[in-house]
J.: 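Starting off with a structure, shown below.
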Amino acid sequence: MHKVLEDYPYQQVKEMITNQRFRDYYAEKFEPFGSEDAYKKDNNGRTKAGVSQLHEDQTLNIDAWAQYIVHHWRPGGDNPLNGAAINRAYHANRRSIFGYLIAKALGPRTQEKGSGTIPKSHFTRQYAILVAKPQAYREAITQWEQETGNKFSPINTIPSSVTLKRIPAEQCSANITQDDITRLLIENRIPPAWIDHAYTFGIYYLDHQIWNALNKEAYIEADDERLRRLAEHGLPPPIRAWDGWYIPTEEDKIRIRYLIRDEVKNKNIKCLESNEWLFIGEEVHPIYLRSRSAESAEYLYDTERQRIDTLRHAEQAVGENPHDPEGVLDATNVAPGTTNSCQVQLRTKK
């Protein structure tokens with residue numbers, strides 16, 4: 001077996017990754033896991049090393065979805081997932097996966113009549129922009145309370161089953177707005193802490209899409225606002241019980257390498273050349289997007305940089321969280337058996 005990438009330290013990986021021979025080593029033949037026919041071929045000659053699709057009752061099972069995503073929706077692969085933060089050891093950041101799963105639970109079904117992927121893309125774009133803006137959802141809740149005279153009551157994570165209402169595909173045109181997204185979240189009583197936790201998905205969605213020619217100006221404008229809000233409010237806090245990294249098993253790693261090899265052989269897709277992979281040990285929540293130079297946005301708050309660092313260090317300190325007065329982020333308020341994996345069962349309806 002070749003020496004695997006995750007065995008190398010961060011700085012050495014940065015130097016080695018530019019070496020073509022090292023990048024292509026996944027395309028070589030690997031030992032089968034267990035036996036010669038551990039992964040049989042399908043009719044197209046592709047290795048059947050993937051994992052099964054997940055059922056709807058696993059909608060918010062973070063680790064189960066992280067496993068599926070690192071196998072099938074890797075950066076630079078045949079069907080990469082915009083917004084997922086995955087490093088070169090195939091570790092998936094749980095906050096980014098959780099943010100995607102909320103979008104998946106509330107967005108239109110792809111198979112819905114007249115839907116396809118376009119309405120879903122419109123919805124996900126506006127949702128990702130919203131969650132990338134610190135405090136934006138909390139401000140929308142305050143405004144809703146003032147306009148309606150009602151008190152917002154978020155759903156509790158203790159029950160084992162929660163019913164969420166999806167947005168219909170016909171409401172997800174190119175004209176869908178941030179107000180539509182916040183209204184949907186409020187109607188579903190999504191806790192502000194969940195949207196804070198989804199911040200990671202938002203910034204990596206922007207990072208992966210910001211130079212998309214169709215929506216470039218909208219993404220740059222959204223990132224400018226994200227930077228201004230980050231300077232004012234600091235990094236949105238995580239839900240500690242659902243934070244950290246999903247780490248695949250040794251068998252998973254071998255399965256993934258088989259899938260990568262097949263992509264190279266059958267489609268000439270070399271996912272390791274993608275710059276969307278995180279390096280091992282790299283900062284997960286950089287101030288500036290990885291794909292947008294600091295110089296292009298520095299004018300926004302150059303004098304605020306020190307303040308941002310102070311806020312971030314303060315939020316990482318142990319103690320009372322100013323964003324969590326009800327204590328909903330504490331692991332003790334999570335349903336039993338759900339540590340590091342949000343396993344609240346969701347029933348979705350139109």
Side-chain angles (χ1 to χ4, degrees), residues 57-67 69 81 83-86 91-106 127-128 130-141 152-162 164 181-182 184-186 188-205 226 229-230 233-247 278 283-285 311-346:
D57 61 358
Q58 294 178 294
T59 300
L60 286 188
N61 188 326
I62 300 172
D63 283 2
W65 272 102
Q67 180 192 38
I69 289 166
L81 176 64
I86 301 173
H91 300 170
N93 181 271
R94 289 191 177 102
R95 288 185 71 171
S96 70
I97 303 302
F98 177 82
Y100 162 72
L101 295 180
I102 295 298
K104 179 178 174 60
L106 297 177
Y127 163 81
L130 174 68
V131 301
K133 299 175 181 179
Q135 295 291 302
Y137 179 50
R138 293 175 183 271
E139 292 172 4
I141 290 175
F152 179 71
S153 176
I155 57 176
N156 196 322
T157 58
I158 296 299
S160 61
S161 182
V162 176
L164 298 182
I181 302 298
T182 55
L184 177 70
L185 295 173
I186 291 172
N188 280 283
R189 301 168 56 211
I190 300 299
W194 286 22
I195 301 305
D196 288 343
H197 195 65
Y199 172 76
T200 312
F201 172 77
I203 62 171
Y204 281 93
Y205 189 94
R226 177 189 70 86
R229 287 177 170 273
L230 191 63
H233 303 292
L235 184 69
I239 298 175
R240 289 186 289 272
W242 305 339
D243 199 8
W245 294 86
Y246 162 77
I247 300 176
L278 294 179
E283 170 60 54
V284 181
H285 300 110
L311 287 170
R312 293 178 67 185
H313 290 314
E315 290 179 358
Q316 291 169 0
V318 177
E320 182 179 350
N321 191 328
H323 297 286
D324 181 27
E326 300 88 8
V328 297
L329 307 188
D330 196 292
T332 59
N333 198 31
V334 178
T338 61
T339 300
N340 285 338
S341 185
C342 175
Q343 296 178 6
V344 178
Q345 293 185 6
L346 296 182

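What you see below is based on every heavy atom in this structure, not just the backbone, and it leaves out hydrogens, waters and symmetry mates. As the structure is a prediction and not an experimental result, all values here were calculated from the model.
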J.: For Gly83 versus Ser96, what's the shortest heavy-atom pair and its separation?
T.: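 Smallest heavy-atom distance, with atoms named: O-CB, 3.4 Å.
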J.: Can you tell whether the side chains of Lys133 and Glu139 come within less than 4.0 Å, N to carboxylate O?
T.: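 Salt bridge flag = no for Glu139 with Lys133.
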J.: Would you say the side chain of Thr200 lies within less than 4.5 Å of the side chain of Arg94, judging by non-hydrogen atoms?
T.: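 No. Closest side-chain heavy atoms not under 4.5 Å.
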J.: Is the closest side-chain heavy-atom distance between Pro191 and Ile155 below 4.5 Å?
T.: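 Yes, close enough: below the 4.5 Å cut-off.
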J.: Would a distance-only check, ignoring hydrogens and angles, find a side-chain to backbone donor-acceptor pair under 3.5 Å from Tyr127 to Gly99?
T.: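 It does hold such a pair.
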J.: What's the shortest heavy-atom distance between Ala132 and Tyr199, and which atoms?
T.: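 Minimum heavy-atom contact is O-CE1, 3.3 Å.
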J.: When you compare the side chain of Leu164 with that of Ile190, does any pair of heavy atoms fall below 4.5 Å?
T.: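 Of all side-chain heavy-atom pairs linking Leu164 with Ile190, at least one is under 4.5 Å.
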J.: In Å, rounded to the nearest 0.5 Å, how long is the span from CD1 of Ile97 to CH2 of Trp245?
T.: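 Result: 9.5 Å between the selected atoms.
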J.: Is it true that a side-chain atom of Tyr100 and a backbone atom of Trp65 form a donor plus acceptor pair closer than 3.5 Å?
T.: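 Such a contact is absent between Tyr100 side chain and Trp65 backbone.
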J.: Does Arg95 reach the main-chain N or O of Asp196 with its side chain, forming a donor-acceptor pair under 3.5 Å?
T.: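 Yes; at least one donor-acceptor contact below 3.5 Å.
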J.: So which atom in Pro134 and which in Gly234 form the shortest heavy-atom distance, rounded to 0.1 Å?
T.: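 Closest heavy-atom pair between Pro134 and Gly234: CB-O, 4.0 Å.
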J.: Using a 3.5 Å distance criterion without hydrogens, assess whether the side chain of His197 forms a donor-acceptor pair with backbone atoms of Phe98.
T.: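 Answer holds: no.
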J.: In Å and rounded to the nearest 0.5 Å, what is the OG1 to CD1 distance from Thr59 to Ile102?
T.: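 Here the rounded value is 9.5 Å.
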J.: Could you give the distance from OG1 (Thr182) to CD1 (Ile195), rounded to the nearest 0.5 Å?
T.: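 One gets 10.5 Å once the value is rounded to the nearest 0.5 Å.
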J.: With heavy-atom distances below 4.5 Å as the criterion, would you say the side chains of Leu185 and Leu130 are in contact?
T.: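 Counting from C-beta outward, Leu185 and Leu130 do come under 4.5 Å.
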J.: Check whether any side-chain N or O of Arg189 sits under 3.5 Å from a backbone N or O of Ser153 as a donor-acceptor pair, and report yes or no.
T.: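 Yes, the answer is positive, given that a donor and an acceptor are paired below the 3.5 Å cut-off.
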J.: Check whether any side-chain heavy atom of Val131 lies under 4.5 Å from a side-chain heavy atom of Tyr137, and answer yes or no.
T.: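 No, side chains not in contact.
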J.: Could you grab the distance from atom CG of Leu106 to atom CG of Leu101, nearest 0.5 Å is fine?
T.: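 Output value for this atom pair is 11.0 Å.
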J.: Give, for atom CG of Leu81 and atom OH of Tyr204, the distance between the pair rounded to the nearest 0.5 Å.
T.: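 Leu81 atom CG to Tyr204 atom OH measures 13.5 Å (nearest 0.5 Å).
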J.: Using a 4.5 Å cut-off on heavy atoms from C-beta on, say whether the side chain of Asn93 contacts that of Phe201.
T.: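 The answer is no; the side chains never approach within 4.5 Å.
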J.: So Ile62 and Tyr246, do their side chains get closer than 4.5 Å, heavy atoms only?
T.: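 Heavy-atom side-chain distance check fails, nothing below 4.5 Å.
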J.: Side chains of Phe152 and Pro192: does their closest heavy-atom pair fall under 4.5 Å?
T.: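 The answer is yes, as the side chains (C-beta and beyond) meet within the 4.5 Å cut-off.
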